[in-house]
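Keep in mind that this is a model prediction, so the values were computed, not measured.
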Amino acid sequence: HLLHTIVPVLYVTFYLLIINTKLTFSNVLIIMVHPILFLLSVYLLASTLFKDLLRQIYTEFARPEYIYPFLDPNNYERGVVGVLLFASLVLTPSFIVLGLIFIRLKGILPRT
């Protein structure tokens, strides 16, 4: 709950009210740094280095090496291609649109 609710709300509030640096629409690729690093870390670290450890710790889950079900290639008919399609056609546009909304909000709010 803290990771997916409280932290995002606090960070958006922090960005909109406290950070004075203003991103422009040309900086939209900066928005994608965190999601790309997260996706790479899931596949390069969690699913390869810690696969056996996660299976031993979380015995009640079918495939605990994937943090979220939408990142598990076994949940897609096309496997890894399905994950890449979901990431590129759903997640990426969602992050970009949300980032653009927050950039616009930042431009509307008066600077302190």
Q) Linking I/L/V/M/F/W/Y whenever any side-chain heavy atoms sit under 4.5 Å apart, do Leu10 and Leu2 land together? A) yes

**Q.** Sidechain-backbone polar pair: Asn75 side chain, Pro69 backbone, donor-acceptor under 3.5 Å
**A.** yes

Just distance, no hydrogens or angles: give the donor-acceptor pairs under 3.5 Å from side chains in residues 11-18, sequence neighbours left out.
unit_1	atom_1	unit_2	atom_2	d
Thr13	OG1	Val9	O	2.8

Q: List the steps and the verdict of side-chain contact (heavy atoms from CB on, under 4.5 Å) for Val33 and Phe38.
A: CA-CA 9 Å; Val33 170; Phe38 176 78; over 6 Å; no

Tabulate below the donor-acceptor pairs under 3.5 Å that side-chain atoms of residues 78-98 make, not counting sequence neighbours, or state none.
unit_1	atom_1	unit_2	atom_2	d
Ser88	OG	Leu84	O	2.8
Ser88	OG	Leu85	O	3.3
Thr92	OG1	Ala87	O	2.8
Ser94	OG	Val90	O	2.6

